[in-house]
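Please read the structure below before turning to the comments.
Just so you know, these numbers use all the heavy atoms, side chains as well, and skip hydrogens, waters and symmetry mates. To find a chain, count down the sequence lines: A is the first, B the second, and so on, and within it residues start at 1.
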Amino acid sequence: MSKVISNERIDEDFFLLKVEDQKLSKIGQFYMLRAWDSYPTLSRPISVYDSDDNSVSFLVKIVGEGTEILSELKKGDDIEITGPLGKGFPEDISGKIALVGGGVGIAPLFKSAKEYKNNPNNTVDVYLGFSGTPILEEEYKKICDNLIVNVGGFITDDIDTTKYDYILTCGPEIMMQVLYKKCKEEKTDDRLYVSMENRMACGFGACLVCTCKTNHGNKKVCKDGPVFLANEVWGE
Amino acid sequence: MSKVISNERIDEDFFLLKVEDQKLSKIGQFYMLRAWDSYPTLSRPISVYDSDDNSVSFLVKIVGEGTEILSELKKGDDIEITGPLGKGFPEDISGKIALVGGGVGIAPLFKSAKEYKNNPNNTVDVYLGFSGTPILEEEYKKICDNLIVNVGGFITDDIDTTKYDYILTCGPEIMMQVLYKKCKEEKTDDRLYVSMENRMACGFGACLVCTCKTNHGNKKVCKDGPVFLANEVWGE
Amino acid sequence: MSRLETTFAGVKFKNPVALASGTCGFGREMNEFFDIEKLGGICSKGLIEHPHGGNDGIRVWETPSGMMNSVGLENPGVDAFIENDLAWVNSKELVNIVNLGGHSIDDYLSGVEKLNKVNLDILELNISCPNVKEGGMNFGVKTEAAREVVKLIRKECKHKLVVKLSPNAEDIVSLARMCEEEGAEGVSLTNTFLGMAIDINKRKPVFNNGYAGLSGPAIKPISLRMVHQVAHAVNIPVMGLGGITTWQDAIEFIMAGATVIQVGTASFMKPDISLDIINGMDKWLADNGIESIEEIRGIV
Amino acid sequence: MSRLETTFAGVKFKNPVALASGTCGFGREMNEFFDIEKLGGICSKGLIEHPHGGNDGIRVWETPSGMMNSVGLENPGVDAFIENDLAWVNSKELVNIVNLGGHSIDDYLSGVEKLNKVNLDILELNISCPNVKEGGMNFGVKTEAAREVVKLIRKECKHKLVVKLSPNAEDIVSLARMCEEEGAEGVSLTNTFLGMAIDINKRKPVFNNGYAGLSGPAIKPISLRMVHQVAHAVNIPVMGLGGITTWQDAIEFIMAGATVIQVGTASFMKPDISLDIINGMDKWLADNGIESIEEIRGIV
Ligand SMILES: Cc1cc2nc3c(=O)[nH]c(=O)nc-3n(C[C@H](O)[C@H](O)[C@H](O)COP(=O)(O)OP(=O)(O)OC[C@H]3O[C@@H](n4cnc5c(N)ncnc54)[C@H](O)[C@@H]3O)c2cc1C
Ligand SMILES: Cc1cc2nc3c(=O)[nH]c(=O)nc-3n(C[C@H](O)[C@H](O)[C@H](O)COP(=O)(O)OP(=O)(O)OC[C@H]3O[C@@H](n4cnc5c(N)ncnc54)[C@H](O)[C@@H]3O)c2cc1C
Ligand SMILES: Cc1cc2nc3c(=O)[nH]c(=O)nc-3n(C[C@H](O)[C@H](O)[C@H](O)COP(=O)(O)O)c2cc1C
Ligand SMILES: Cc1cc2nc3c(=O)[nH]c(=O)nc-3n(C[C@H](O)[C@H](O)[C@H](O)COP(=O)(O)O)c2cc1C
Ligand code: FES
Ligand code: FES
């Protein structure tokens, strides 16, 4: 059981939840969150937004019963966080890196951008697409070389994929697929990593409900992913 | 939907919950309380502890999941209160009245004592029995002529039932039955009223799960009671 | 609200939402909370020909997202119902469904005989009561045993007949087909699921009867599946119920093939929850440009 | 912890708590969260003779106090299991229960043949898989159809055989009796309940298969009732499961007659919830001066 350090409402839909935690997470990993006893049944998978030696933070969008309960947590409340889980973004990469997020899919990109920037040879551009009011622009601006924000349009229109050595994306599946198509056209699909979303039960590889078909056979999004090479998932 | 005005923790086990409400309740009535959506399934029956033109208060003991949730409510929180329900203590009585409560069964006696005291001809003695630390002694002292408190023993030992015209009781069934036996011996059982407790689903007479056998046939604790003449329930 | 209007076996419902038997008395108590004429229909508490005191001991037990009950058909008897309540329900503008149970064929027959003499809209035959003669086994478990009851009642009963099916039946689809074959105007399902709870400190079942009937949101996925199976297997209309709590649940049951849905346990959460369900359905139909609920019935 | 020790069909369990098939992989992932040797036993993910990719589309759907799954027996095949996982599980001090499924009698037979050549403690035969040849109807629904499978497997299988019963069976008691007659060493129940969910906006079932298996606290009252019925009808030991989430639930199943209990869905709430259950049971026994769990088995 962990304790909530703070819970900050960003706007009607989003909140930033900070929880006591000493575990070290890797970029693109997630936790299973649970701030209730036996109802609702399942815990909720939420990506690491940020973390330090004593805490982990989550950027969460309220969509249903579980995220609603999480949004009401207050400092000092108990929360069960199981993790970090999964295989996240590639770590030891260097060069020109683009991070492309849509909606709450921007969450795992924050810590990722920060870590990539730790290598002075890297340039890190962050592309964020929002359908409604954009959030956390200032925060993302600080941790990357260039921040490109698109509101109401297609963030995928704003990127020249050929400029990058690595392109990492997280967001609605439809957005990621458009980006993949674009990369195919621009022959950059070999450098595209996608963070997949799927409904989960265990979150740690034991139940096989989160399977994602890849061209290396069935993979577990929770254990083998959530991050995959786009070609592995959508390639022939 | 009503709003919580205040929620005051009395000790580890008890709290006083005050809710906005303009409905007029009669002494010994109860409400069905619910501060959650669909889980747990059933609402919780709780007696009126006190009320005024704009509020109703409940004295609640934490025993399980539902009362635990209620205990965590804060000022301004939403709560569904259905009621007032049931048939409470007799209203237009006068004379010497004893109110005998055990444990959280003391709750409905507070407002009852106050109302009986509105008639200057009445004398109202309150007997409270506690197995653990007594609560609210000062409050009860103010609203009656004599307050008798018993801790760890049998409050039923402390009463001479022949002194009273009316004896009203609420508490653990075993306590009420001991009192009934005593009244039988002292030939005062005709003036003893008991507030029965039973598991409920609807709380308003529609489902028949709260049936109590009486010598006038099956009665619904929620609708025909919770208050009955003791002889009706336990008499031959 | 005409987009919610529907017809069940020739009986017009202003909307497809009825209250389930045993969860709304005979309607009077509900009417203190809201105008029951806003409902499509109401099913009476299960009646038996003669008055019955019901079961002893604990009668209700909460379970995760559900509850178990062991009321045991406590009821005032058909005569008392006719004398005290029937006229009142008939005076209300909604479909009056009378639920009839019985512990023996004779019970059923004499109940039907009495009800034949009065007005009501639909008779809902509850064949899930334990059959005292056959050692407590429900009439509604085995298709061929149930056929005997349904055949007889169908012959005697002058009202529209809807048979209420138990989810504890060995084969609920064959049971429903049998009802169709025997001339029932419709079926309703599901009744409660046989469940159990044990008081570990007393080392005894919670209920004197050992088992009791499980209802509420917990059972919804199973009831919905059964309604889907049955609605696709018979040509008579289906009343769907079992755990319906939200308007979304109700739409699911309609899409699965139910013509009318019933709300039971959910009324204990909020006495007028059925109105929320009616309003929610109506709004959803409007928002989706659906002119009649019948357009979506059985489309899944 | 000797008061929790129990024997199931001659196999010693250090405590009566096992993890349920399909909810704990082959144990490795669980072992990252806690030492699985603290468990009484573990059931493998359901194997089929040949690898199987499982179902397409949504595979999990949350329901009130439950969940539905439609994994569809995705599994690496018996050979891969033997090659990659079996030795590891056997190296652990706990009862190794291997769960075997099949879509045809041949599937079952060739699975058993392969497993006959290796060591394991108990073979749990899942007869609830849809039988492809018979149009998707489960082997485990009708007693006489199931008898065919059980008879054959019993003859071939050199391991202790526990048959896992489906709550969707027409008559679970007769099914269990049949297993006893055919020489199974035990039965386990329940598997998941067939349920349904509909996506009202898409106007389609949530699951590609239409129906899926309901598990979790929601079903506990029904599973407990079935375990009680079966345990009182047969003389072979019973593994009880279905919605067990707390140590109180576990005690209820034991009192109803289960010798061993299995924890499934609850592990998704908290990976090591089974340890809470073990510790809670042990403490309760101690507090109540009960020297062996076997004293309370079946006392209700
Ligand atoms: C690896 C991973 C990382 C994620 N990271 C984040 C994040 O950082 N921030 C964030 O806001 N959201 C994130 N999500 C999505 C988040 O898990 C869902 O929005 C959340 O589970 C919804 O729960 P709910 O109770 O509010 O909604 P409900 O609709 O009530 O949930 C019902 C059930 O469906 C599941 N579910 C519903 N939507 C989704 C979804 N989009 N993905 C997976 N399961 C879903 C729930 O987990 C639950 O079991 C992530 C999902 C995955 C798989
Ligand atoms: C008419 C009436 C008036 C009451 N007045 C008060 C009061 O003023 N203050 C107070 O603290 N308590 C009162 N009670 C008892 C109170 O209803 C229960 O303590 C409460 O329902 C327990 O809920 P839970 O979720 O905390 O416990 P759980 O044990 O988790 O409840 C599980 C289920 O059992 C029912 N239940 C459990 N204990 C009781 C009980 N003793 N009586 C009835 N149902 C029970 C619950 O309502 C629920 O349906 C009253 C009961 C009745 C019938
Ligand atoms: C307290 C209670 C009493 C019931 N009594 C009857 C009855 O008399 N006759 C009947 O056919 N069904 C009876 N039922 C079953 C309901 O009508 C309904 O079939 C079942 O509860 C499932 O629906 P639900 O989950 O919406 O409650 C009763 C249910 C409850 C909860
Ligand atoms: C995701 C999932 C996968 C399952 N896979 C299998 C399986 O492969 N073989 C099997 O016999 N049962 C399988 N089951 C059923 C469980 O073993 C168990 O019987 C059922 O879930 C009821 O128990 P529970 O409510 O504790 O989960 C599975 C259940 C779940 C939830
Ligand atoms: S969620 Fe269980 S294996 Fe991925
Ligand atoms: S609780 Fe429903 S009749 Fe009393």
To the nearest 0.5 Å, what is the distance between [atom1] ([X]) and [atom2] ([Y])?
X	Y	atom1	atom2	value
Met226(C)	Met196(D)	CE	CE	13.5 Å
Ile222(D)	Thr63(C)	CD1	OG1	9.0 Å
Leu194(D)	Arg225(C)	CG	CZ	4.5 Å

So which of Lys220(C), Gln229(C), Gln248(C), His228(C) has the biggest tally of heavy-atom pairs under 4.5 Å with chain D?
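Counting heavy-atom pairs under 4.5 Å, the top option is His228(C).
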Among Asn288(C), Ile251(C), Ile254(C), which residue forms the greatest number of heavy-atom pairs with chain D at distances under 4.5 Å?
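Looking at each option in turn, the highest pair count goes to Ile251(C).
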Is it the side chain or the backbone of Asp249(C) that comes within 4.5 Å of chain D heavy atoms, both, or neither?
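Nothing of Asp249(C), per the 4.5 Å heavy-atom cut-off to chain D.
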Could you tell me which portion of Trp61(C) (side chain, backbone, both or neither) has an atom closer than 4.5 angstrom to a non-hydrogen atom of chain D?
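Neither part, no heavy atoms under 4.5 Å.
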Please report the shortest heavy-atom distance between Ser65(D) and Ser65(C), naming the atom on each side.
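Ser65(D) and Ser65(C) have their closest heavy atoms at OG-OG, 2.6 Å.
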Residues in side-chain hydrogen bond (donor to acceptor under 3.5 Å, both in side chains) contact with Glu144(C), at least two apart in sequence or another chain
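Applying side-chain hydrogen bond (donor to acceptor under 3.5 Å, both in side chains) to Glu144(C) gives Arg147(C).
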Quick check: under 4.5 Å, non-hydrogen atoms only, which of residues 292-300 of chain C neighbour chain D?
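Near chain D, by residue number: Ile296(C), Ile299(C), Val300(C).
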Could you give the side-chain donor-acceptor pairs of residues 197-204 of chain C under 3.5 Å, partners two or more places apart or in another chain?
| from | atom 1 | to | atom 2 | distance (Å) |
| --- | --- | --- | --- | --- |
| Asp199(C) | OD1 | Asn201(C) | N | 3.1 |
| Asp199(C) | OD1 | Lys202(C) | N | 3.1 |

Using non-hydrogen atoms and a limit below 4.5 Å, what part of residues 205-215 of chain D faces chain C?
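Only Pro205(D), Tyr211(D), Leu214(D) of residues 205-215 of chain D have a heavy atom under 4.5 Å from chain C.
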Under a 4.5 Å cut-off applied to non-hydrogen side-chain atoms, are Pro221(C) and Met68(D) in contact?
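Yes, at least one pair of side-chain atoms sits under 4.5 Å.
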